[in-house]
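Presented below is the structure to which this report refers.
Chain A is the first sequence line, chain B the second, and so forth, proteins listed ahead of strands; every chain is numbered from 1.
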There are 2 protein chains.
Amino acid sequence: MLNTRQLQILKLIIDDFIDSGLPVGSRTISKKSSLGISSATVRNEMADLEELGYLYQPHTSAGRIPSDLGYRLYVENLLDDRLINSESRILIRSLLVSGKISAGEVIEKAVHLLTQLTGLTVVSSFPGFRKRTLNNLKLIKISDAKVLLILVSDNEIVKNITLPFSGTSQDILDLISNSLLSTLKGSTIEDIDVKKISRLKYDLRQFESVIDYLVPILRDSLKNIEEIEYHVEGVENILSIPEFSDSEKVRKIYKLFEDKTIFKVLFNNIEDEGIYIKIGDENELLELNECSVITTAYRYKNNELGKIAVIGSKRMDYRGIISVVEYTKNTLTDIFSGIYL
Amino acid sequence: MLNTRQLQILKLIIDDFIDSGLPVGSRTISKKSSLGISSATVRNEMADLEELGYLYQPHTSAGRIPSDLGYRLYVENLLDDRLINSESRILIRSLLVSGKISAGEVIEKAVHLLTQLTGLTVVSSFPGFRKRTLNNLKLIKISDAKVLLILVSDNEIVKNITLPFSGTSQDILDLISNSLLSTLKGSTIEDIDVKKISRLKYDLRQFESVIDYLVPILRDSLKNIEEIEYHVEGVENILSIPEFSDSEKVRKIYKLFEDKTIFKVLFNNIEDEGIYIKIGDENELLELNECSVITTAYRYKNNELGKIAVIGSKRMDYRGIISVVEYTKNTLTDIFSGIYL
DNA sequence: GTTAGCACTCCGAGTTTGTGAGTGCTAACT
DNA sequence: AGTTAGCACTCACAAACTCGGAGTGCTAAC
């Protein structure tokens, strides 16, 4: 569709705009280009590129700015090979020594690192809990009126749930814990239902009244378990996007991140480990239509996907950020595949 | 020092400035005041008040703005009786039905409510953990390589600590848990030391090698326990303070809240259940010298203090906010004193 | 002690002006 | 046919200017 020279010019314009944030004029390109081309010629090409929708002018007699379509072409065809500098590589790779800490903490660390390295806003999701099978379980007495239920899934996620539950001792709770565990171990969390729990009554007939009391509480609590855990960091970096100099817009974005339900939308359609890029209006969330979002998924124990999104200005350094995100994703996949544990 | 009329005028000026945010002129006060006083007279009084340091002019020929000293006088002597509207009262009182949920969750809910009611930034601290005595403890196997240590304090705080610990079964962990608990129950968390833990070796001679492995890990983990838990909400409301239209300042504040060590400074010197007010430069943290901070402490189980701070513009509605904060504090104290459990 | 009156100050909003970067178009050149 | 020099034109942005209004301090009279 576009000839080589047009592509070159488009790339130069976008590179320059990403760098400066100012509309790019024909003279700038003429001087930068190694084609030995005059500004007049560049102007002609620019007019064509604008007609095709890759560029636009904020006003007559201003230089050009890439449109969303222009960025799209840029990220798909005009990015140089992804490369990641060795400092970043070493930093990210340091996640590997985290065999000692929990999976959730690894993700937190990864999000923190990505925020540092990109200077942008980073969001991650951790694979679901409800569909996992139960591996361990304990009831722990906290006070006369409260008991803590600890659930451990096969993917090492731990959930603490506080239950209102009085008049029992830790010894009885231990017995109930063990019974519960032997009944439920291997079920998926979402499959745990009253029927299964009720079986307890027969195993532990001497505590029937306790069990009667516990069952409905347990059922309600299990229903309320959050499906996915999210981590967010660097929201304040939104402030450095010039489009958000208006503080009302910034507040909207903040509100957006406070309500974690929106992350479902953010990670919608991310179904493999590829790098997904959404530019401006391509984002479903219209609060983000001045942003670009780079998303990918890491593989958790070969069968589930955790997700990572980096949110920044449309003028972000796509090449650098994609490479860092990709490297982080691969590292996480490696860690969770167990190779390095 | 100041006569009644001067106080009245100062109050009118500050009320007006809090309302409008614009320098207040003599004519405005002359019209508002029920004293039947001309603007010229007000001007004379204003000149006096300025000389005494309670007011200042942003420039000649502008109206007056209260100085930090003026605000100080205002909050100490000129506030009407604190009153709280019944909707707020009901909302806050609804925290009482939270006997079912954990203390930490109650605080979170309270912080959320305060953010809603004040429209400002709210920070809270929850009483220390290290100085509490240990009430319960469990080791739970998460995977082949990881064990979760659950600690429960006498004030119902629960800590999860993941330990790298391989090659053992839940049965052995249960035995160790029980031994550990009987050894440590009643110690304060910070008093748990290697000597005490080592006693295990003699109780559980058959698992000597396991214990040898566990002790140093446990010791290191206990050292790293966070003293105090903090909750923050509504940081985005900082954006609506006009002094923070400069986005660089906002970033600084955000950075401030990311590093929770600063909360220690914030809650420094708050040692009883009174209402503390810091205005502008009175704040130790110079990032907050355009803000006012209202702080108080709720009583936790009669012997410890949790703390609450509301951070907003110097132009905040002191009366309303103080009353809401005070009512929340009292409600939390009631809840944790156990009266309503 | 209070107030009317007045000269004075100064901000801020609106207008004017000038400049520079950029454009599109045309005509000449290769 | 593609490229380029040249030129008239456009427009945003910044600096300079103008002007009205809100507010002041001071003085003199009440």
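Counting only heavy atoms from C-beta on, A:T41 has its side chain closest to D:dT4 among C:dT2, C:dT23, D:dT4.
With B:T296 as the partner, the side chain to side chain contact (heavy atoms under 4.5 Å, CB included) test is satisfied by one option alone out of B:D272, B:I322, B:V310, B:V325: B:V325.
Phosphate contact (OP1/OP2 of C:dA21, side-chain N/O of A:S61, threshold under 4.0 Å): absent. B:T60 has no side-chain polar atom (N or O) that falls below the 4.0 Å cut-off from OP1 or OP2 of D:dG23. Of the side-chain N and O atoms in A:R64, one or more sit less than 4.0 angstrom from OP1 or OP2 of C:dT23. Not one side-chain nitrogen or oxygen of B:S26 sits closer than 4.0 Å to the OP1 or OP2 atom of D:dG23. At the phosphate of C:dT2, neither OP1 nor OP2 sits under 4.0 Å from any side-chain N or O atom of B:S38.
Listed by residue number, the members of residues 5-21 of chain B with any heavy atom below 4.0 angstrom from DNA chain D form an empty set.
Rounded to an integer number of Å, the gap from B:N44 CG to D:dT27 P is 12 Å. Following rounding to the nearest Å, B:H59 (NE2) and C:dC10 (C1') show an atom-to-atom distance of 6 Å.
Counting only N and O atoms by type, the side chains of B:N237 and B:S240 include no donor and acceptor under 3.5 Å apart. A donor-acceptor contact closer than 3.5 angstrom is absent between the side chains of A:S26 and A:R64. Under the 3.5 Å distance criterion, with hydrogens and angles disregarded, no donor-acceptor pair is assigned to the side chains of A:Y276 and A:N269. Side-chain N/O atoms of B:R43 and B:S30 include no donor and acceptor closer than 3.5 Å.
A 3.5 Å limit on both hydrogen-bonding distances identifies C:dG12 as the Watson-Crick or G-U partner of D:dC19.
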